[in-house]
A.B. asks: 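Submitted below is the structure of interest, expressed as structure tokens.
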Amino acid sequence: MAGKKAAELPRKVYEAELRRLQAELAKLQEWVRATGARLVVIFEGRDAAGKGGTIKRVTENLNPRIARIAALPKPTERERTQWYFQRYVEHLPAAGEIVLFDRSWYNRAGVEHVMGFCTKEEYQLFLRHCPIFERMLVESGILLRKYWFSVSDTEQQERFRKRLEDPLRRWKLSPMDLESITHWEAYSRAKDEMLVHTDVPDTPWYVVESDDKRRARLNMIAHLLSTVPYHDVPPPVLKLPKRPPSTGYERPPRDLQTYVPDHAASL
């Protein structure tokens, strides 16, 4: 029996807790930098499941030189001839870095398999190789976390509808996204099969219920923080220096430079 749907999280409660968690993410980032740790976080799930919004909240206040997003386009013709994991390896973190994969090598277990973009042999080979590949990452010292964002069919449909009607979010919707509606059960079976083969003790999957975006974001970030043994790293002591006395510099006349028009003044 399905559990009772939780009440919508009030915005003020959500924003206060998000700010607290983002402060902890900043501490995590500093710990990663100081210790030379390597952290990989995989975000997977159906289209419109809330992955992108969560990634945005994770990275919102982080240093992009330390925490970066890997969202790879479809492979080139050359990349199609490579070892399947090869183009993803290039994006793995070095010491002191965090990489968030907005979709990952699991494309092969999902869209490629369902839509026929890979052969059955390539798909079966992926399911055998993936746990081995990920075990190699973990044994090399990489901290690997995998999150599956689970959204219901009715909520996904509603989010698609809103994207179609909103010109600011229309870019998020592609013909492939809409086609996924007609392959709902196929994607469900593919996800179940993927978990059977790749939800293993060394590299487990964590499922995030994402019909409520606010709860999903807070739950995912809080869980990530709870799984990494980070601690406070004292920041370097910085002191704002005194401005030196003027040596006679004068700013050039404004008419010698081209300024952006004051659009704000017309509002």
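What's counted below: heavy atoms across the whole structure, side chains too, no hydrogens, waters or symmetry copies.
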A.B. asks: Using the side-chain contact (heavy atoms from CB on, under 4.5 Å) rule, take Gln156 and Ser180 through it: C-alpha gap first, then chi angles, then the decisive distance, then the call.
C.D. replies: CA-CA 10 Å; Gln156 184 195 50; Ser180 69; 4.1 Å; yes
A.B. asks: For a quick test of reading the model, state the closest non-hydrogen atom pair linking Tyr88 to Ser104 and the distance between them.
C.D. replies: OH-O, 3.2 Å
A.B. asks: Rounded at 0.5 Å granularity, tell me how far NZ in Lys51 sits from CD1 in Ile55.
C.D. replies: 8.0 Å
A.B. asks: Please list, one pair per line, the donor and acceptor atoms closer than 3.5 Å that link side chains of residues 200-209 to other protein atoms, with sequence neighbours excluded.
C.D. replies:
residue	atom	partner	partner atom	Å
Asp202	OD2	Arg135	NE	3.0
Thr203	OG1	Glu134	OE1	3.1
Trp205	NE1	Thr198	OG1	3.0

A.B. asks: Grab the two heavy atoms, one from Pro75 and one from Arg87, that are nearest each other, plus how far apart they are.
C.D. replies: CD-NH2, 3.5 Å
A.B. asks: Any salt bridge linking Lys27 with Glu30? Criterion: basic side-chain nitrogen under 4.0 Å from a carboxylate oxygen.
C.D. replies: no
A.B. asks: Between Lys162 and Arg169, which heavy-atom pair has the shortest distance, and what is it?
C.D. replies: CB-NH2, 3.6 Å
A.B. asks: Grouping I, L, V, M, F, W and Y whenever their side-chain heavy atoms are under 4.5 Å apart, do Leu21 and Phe149 come out in a common cluster?
C.D. replies: yes
A.B. asks: Tell me, do Tyr147 and His223 make a side-chain contact under 4.5 Å, heavy atoms counted?
C.D. replies: yes
A.B. asks: Any Lys/Arg nitrogen of Asp47 or Arg103 sitting under 4.0 Å from an Asp/Glu carboxylate oxygen of the other?
C.D. replies: yes
A.B. asks: Before giving the answer on side-chain contact (heavy atoms from CB on, under 4.5 Å), spell out for Tyr84 and Glu122 the whole-Å C-alpha distance, their side-chain angles and the decisive distance to 0.1 Å.
C.D. replies: CA-CA 9 Å; Tyr84 178 70; Glu122 289 172 331; over 6 Å; no
A.B. asks: Run Leu92 and Val99 through side-chain contact (heavy atoms from CB on, under 4.5 Å) and show every step you take.
C.D. replies: CA-CA 7 Å; Leu92 292 173; Val99 176; over 6 Å; no
A.B. asks: With no hydrogens and no angle check, is any side-chain donor or acceptor of Arg145 less than 3.5 Å from a backbone partner on Thr227?
C.D. replies: yes
A.B. asks: Over all heavy atoms of both residues, which pair between Phe160 and Ala48 is shortest? Give the atoms and the distance, please.
C.D. replies: CE2-CB, 3.6 Å
A.B. asks: Applying a strict under-4.5 Å side-chain criterion to I, L, V, M, F, W and Y, I'd like to know whether Trp148 and Met220 cluster together.
C.D. replies: no
A.B. asks: Please name the pair of heavy atoms, one in Asp166 and one in Leu168, separated by the smallest distance, quoted to 0.1 Å.
C.D. replies: OD1-N, 2.9 Å
A.B. asks: For residues 186-195, run the donor-acceptor check on the side chains, cut-off 3.5 Å, and write out each pair with its distance to 0.1 Å, sequence neighbours left out.
C.D. replies:
residue	atom	partner	partner atom	Å
Ser188	OG	Arg46	NH2	2.3
Ser188	OG	Trp184	O	3.0
Arg189	NH2	Glu185	OE1	3.4

A.B. asks: Are Leu25 and Phe101 joined in one hydrophobic group, where the rule is that I, L, V, M, F, W and Y side chains link up if heavy atoms are under 4.5 Å apart?
C.D. replies: no
A.B. asks: So Val41 and Val58, side-chain contact (heavy atoms from CB on, under 4.5 Å) or not? Walk me through it.
C.D. replies: CA-CA 11 Å; Val41 187; Val58 170; over 6 Å; no
A.B. asks: Side-chain contact, heavy-atom cut-off 4.5 Å: Tyr230 with Val32?
C.D. replies: no
A.B. asks: Work out which heavy atom in Thr54 is nearest to a heavy atom in Gly50; give both atom names and the distance.
C.D. replies: OG1-O, 2.9 Å
A.B. asks: Strictly distance-based, threshold 3.5 Å: is any side-chain N or O of Arg214 a donor or acceptor partner for the main-chain N or O of Leu9?
C.D. replies: yes
A.B. asks: May I ask whether Ile42 and Val151 are part of the same hydrophobic cluster, defined by side-chain heavy atoms of I, L, V, M, F, W, Y residues being less than 4.5 angstrom apart, directly or through others?
C.D. replies: no
A.B. asks: Calculate, to the nearest 0.5 Å, the distance between atoms CZ and CD belonging to Arg33 and Glu97 respectively.
C.D. replies: 12.5 Å
A.B. asks: Side chains of Val40 and Pro93: closer than 4.5 Å at any heavy-atom pair?
C.D. replies: yes
A.B. asks: Determine whether the aromatic ring centres of Phe85 and His129 lie less than 6.0 Å apart.
C.D. replies: no
A.B. asks: Given side chains that start at C-beta, do those of Asn107 and Leu72 come closer than 4.5 Å, heavy atoms only?
C.D. replies: no
A.B. asks: Please check: side-chain N/O of Ser210 versus main-chain N/O of Ala216, any donor-acceptor pairing under 3.5 Å?
C.D. replies: no
A.B. asks: Roughly how far apart are Leu62 CG and Arg68 CZ, rounded to 0.5 Å?
C.D. replies: 13.5 Å
A.B. asks: Name each donor-acceptor pair under 3.5 Å that joins a side chain in residues 240-251 to protein atoms two or more places apart or in another chain, with its distance.
C.D. replies:
residue	atom	partner	partner atom	Å
Ser246	OG	Gly248	N	3.1
Arg251	NH2	Tyr259	OH	3.3

A.B. asks: Is it true that atom CE of Met136 has more than 12 heavy atoms of other residues, nucleotides or ligands lying nearer than 6.0 Å?
C.D. replies: no
A.B. asks: Quick check for you: to the nearest 0.5 Å, what is the distance between Thr81 atom OG1 and Arg78 atom CZ?
C.D. replies: 6.5 Å
A.B. asks: For the residue pair Arg19 and Glu15, establish whether any side-chain heavy-atom pair is separated by less than 4.5 Å.
C.D. replies: no
A.B. asks: Would you call Ile221 and Leu224 a side-chain contact if the rule is heavy atoms closer than 4.5 Å?
C.D. replies: no
A.B. asks: Could you state whether Leu127 and Val111 fall into the same hydrophobic cluster, counting links through intermediate Ile, Leu, Val, Met, Phe, Trp or Tyr residues with side-chain heavy atoms under 4.5 angstrom apart?
C.D. replies: no
A.B. asks: Working to the nearest 0.5 Å, report the span between CD of Glu158 and OG1 of Thr154.
C.D. replies: 9.0 Å
A.B. asks: What I'd like to find out is whether the side chain of Leu164 reaches to under 4.5 Å of the side chain of Arg170, using heavy atoms alone.
C.D. replies: yes
A.B. asks: Inspect the contact between Glu17 and Arg20 and indicate whether a charged nitrogen and a carboxylate oxygen are less than 4.0 angstrom apart.
C.D. replies: yes
A.B. asks: Looking at Gln22 and Arg57, would you say the former's side chain and the latter's main chain have a donor-acceptor pair under 3.5 Å?
C.D. replies: yes
A.B. asks: Please round to the nearest 0.5 Å and tell me the distance separating atom CG of Asp199 and atom NE2 of His197.
C.D. replies: 12.5 Å
A.B. asks: Between Glu155 and Arg159, is there a salt bridge with N-O shorter than 4.0 Å?
C.D. replies: yes
A.B. asks: Quick one: which of Phe133, Trp83, Tyr106, Trp105 gives a ring-ring contact (aromatic ring centres under 6.0 Å, His included) with Phe126?
C.D. replies: Tyr106
A.B. asks: With a 4.5 Å heavy-atom cut-off, do His231 and Trp31 have their side chains touching?
C.D. replies: yes
